[in-house]
Amino acid sequence: WIKQPLIDMNAIKERLDIVEIFVQNSEARQILYEDHLRKMPDFQRISTKFQTKKSNLQDMYKVYVAVTKLPGLKEVIDSLSQDSSLIEENFTKDLSEIGKDFEKYLQLVETTLDLDRVREGRFLVKPEFDEELNEMRQELDDLESKIQRTLKSVESELGLDSGKVLKLEHSALHGHYFRLTMKDERIVRNDRSFTIIESNKSGIKFRNSKLDL
């Protein structure tokens with residue numbers, strides 16, 4: 001816009017008319033931003049990652065979520081197009097075409113990504129795609145079951161209420177670990193069966209030999 005500003009008077013007037021529509025419809029403008037646009041990902045950055053083959057399953061899912069929000073976004077835009085053909089010409093038609101263009105993409109994501117795992121914050125391909133993947137998923141599920149049993153065991157050992165005080169968390173740096181608030185730090189302070197990983201304002205992070213395995 002700075003290097004190549006719009007100089008066509010008709011186009012400038014059209015742009016200003018569109019801005020005026022949004023200015024005068026504060027409720028629709030707020031809904032568009034709060035419920036739709038604010039939650040959209042950085043498409044330019046993601047597009048670059050796709051083009052350079054550096055994208056991952058999380059990027060794939062972000063686009064998927066954005067596309068699923070298009071019908072709601074279009075519905076708000078449609079309510080504005082009743083007052084002006086400019087909105088329909090500049091937004092409604094394009095949104096409809098984008099929705100159609102991405103239909104197969106939505107199907108691809110739904111048949112490829114394990115959406116149940118995504119809701120847990122993990123981005124994995126469905127194991128049904130490959131026998132080896134299926135075996136790896138079974139091993140992963142078994143390992144997660146063991147980790148959950150270890151959590152229950154530690155809760156019992158420390159005399160803590162199940163699922164309330166002791167947290168099981170994961171990070172790329174530490175892997176799986178337990179966390180207690182600093183208020184409960186004394187519970188494991190002198191217990192040699194636990195190894196303290198980190199201690200700060202957010203709490204104390206630690207693990208035992210079973211979790212190391």
Just do the salt bridge (Lys or Arg N to Asp or Glu O under 4.0 Å) check on Glu89 and Lys93 with the steps written out, would you? CA-CA 6 Å; Glu89 293 170 3; Lys93 291 180 180 179; over 6 Å; no
Test side chain to side chain contact (heavy atoms under 4.5 Å, CB included) on Lys69 and Met40; report intermediate values, then the result. CA-CA 9 Å; Lys69 291 184 178 296; Met40 291 291 179; 4.1 Å; yes
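Using a distance-only test at 3.5 Å, with no hydrogens or angles considered, no donor-acceptor pair links the side chain of Asn25 to the main chain of Ala28. Counting only distance, with no hydrogens or angles, the side chain of Thr68 and the backbone of Val65 share a donor-acceptor pair below 3.5 Å. Judged by distance alone, with hydrogens and angles left aside, the side-chain atoms of Arg207 form a donor-acceptor pair with the main-chain N or O of His176 at under 3.5 Å. Here the side chain of Arg29 pairs no donor or acceptor atom with the backbone of Ile21 at under 3.5 angstrom. A donor-acceptor pair under 3.5 Å is absent between the side-chain atoms of Asp35 and the main chain of Leu32, judged by distance alone. Panel note: side chain Asn90, backbone Leu86; a donor-acceptor pair is recorded below 3.5 Å.
Distance NZ/Lys167 to OG/Ser202: 13.0 Å, rounded to 0.5 Å.
Between Tyr61 and Leu115 there is a side-chain heavy-atom pair separated by less than 4.5 Å. No side-chain heavy atom of Thr195 sits under 4.5 Å from any side-chain heavy atom of Asn208.
Aromatic ring orientation, Phe178 versus Phe206: tilted (interplanar angle from 30° to 60°).
A salt bridge does not link Lys126 to Asp114: none of the charged nitrogens lies less than 4.0 Å from a carboxylate oxygen. Taking the charged nitrogens against the carboxylate oxygens, Asp141 and Arg117 do have a contact shorter than 4.0 Å, which makes a salt bridge. A salt bridge is absent between Asp142 and Lys146; no separation between the charged side-chain nitrogens and carboxylate oxygens falls under 4.0 Å.
The stretch residues 100-112 participates, sequence neighbours left out, in these side-chain hydrogen bond (donor to acceptor under 3.5 Å, both in side chains) pairs: Tyr64-Glu110.
Val118 and Met60 fall within the same hydrophobic cluster, where Ile, Leu, Val, Met, Phe, Trp and Tyr residues are linked whenever their side-chain heavy atoms come under 4.5 Å apart, directly or through other members.
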